[in-house]
Participant: 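I'd like to ask you about the structure that follows.
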Amino acid sequence: MDFVIRRATAEEYDTLGEITAQAYLRDGLLDFGESDSYLDELRDVAKRAAAAEVLVAAADGLVLGGVTFVPSGGPMADIAGPGEAEILMLAVAREARGRGAGEALVRACVDRARAMPGCTGVVLSSQAAMHTAHRLYGRLGFVRTPDRDWNPAPELDDIMLLTYELTL
């Protein structure tokens, strides 16, 4: 591993926001492309860092990717219940993929959850098209929880997020 996992610094927020936005755009994960309102959320790392822990994979002074870790009971949680931590917005820059940064970021979140008293699991939501991420989650022991699948934009019928859980 030629990178480190650590908390994002304020100076890195714009870079990580753009990496996250571009990962979603280039992978075709935004229904409305450049005009998708979710792009603002993806780019707003400062907002996430104020309410959760934002981690980055970094090497040689460059941010390769990042993830948002929401501790149990955190205000950014979408699906986490009592005693569950949540992972949001995992993204790795296209040119940095295949180096294990995504896996290291997820493992860092799991390690943080295990260190939290009373935390019994880690949950996350994923789009159906995120096949590489699904394989990663499976390798790390996450299982699908179809009963928790949800639509983040109820006004749009065709958006459904798949959910995964790792019991600690």
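Numbering of residues begins at 1 and proceeds along the displayed sequence.
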Participant: Determine whether the aromatic ring centres of residues F142 and H134 are separated by less than 6.0 angstrom.
Facilitator: no
Participant: E86 side chain to I79 main-chain N or O, any donor-acceptor pair under 3.5 Å?
Facilitator: yes
Participant: T15: which residues meet the side chain to side chain donor-acceptor pair (under 3.5 Å) condition with it, sequence neighbours left out?
Facilitator: none
Participant: Do E84 and E165 have side chains that get closer than 4.5 Å, going by heavy atoms?
Facilitator: yes
Participant: Hey, does L166 have a side-chain heavy atom less than 4.5 Å from the side chain of L140?
Facilitator: no
Participant: CG/L161 to CD/Q127 distance, rounded to the nearest 0.5 angstrom?
Facilitator: 6.5 Å
Participant: Please determine which of T132, L162, L90, V143 meets the side-chain contact (heavy atoms from CB on, under 4.5 Å) test together with Y137.
Facilitator: L90
Participant: Please collect all side chain to side chain donor-acceptor pair (under 3.5 Å) contacts where either partner lies in residues 56-65, sequence neighbours excluded, each pair once.
Facilitator: none
Participant: Once you round to the nearest 0.5 Å, how far does CG of L39 lie from CG of L25?
Facilitator: 4.5 Å
Participant: Can you tell me how far apart CG (L136) and NE2 (H131) are? Round to the nearest 0.5 Å.
Facilitator: 14.5 Å
Participant: Examine the side chains of W150 and T163 and answer whether a donor and an acceptor come within less than 3.5 Å of each other.
Facilitator: no
Participant: Would you call R43 and D14 a salt bridge, taking side-chain N to carboxylate O under 4.0 Å as the test?
Facilitator: no
Participant: Give, for atom CG of L42 and atom CD1 of I19, the distance between the pair rounded to the nearest 0.5 Å.
Facilitator: 12.5 Å
Participant: Under the side chain to side chain contact (heavy atoms under 4.5 Å, CB included) rule, collect the residues that match up with A113, sequence neighbours excluded.
Facilitator: F69, A85, C119, V122, L168
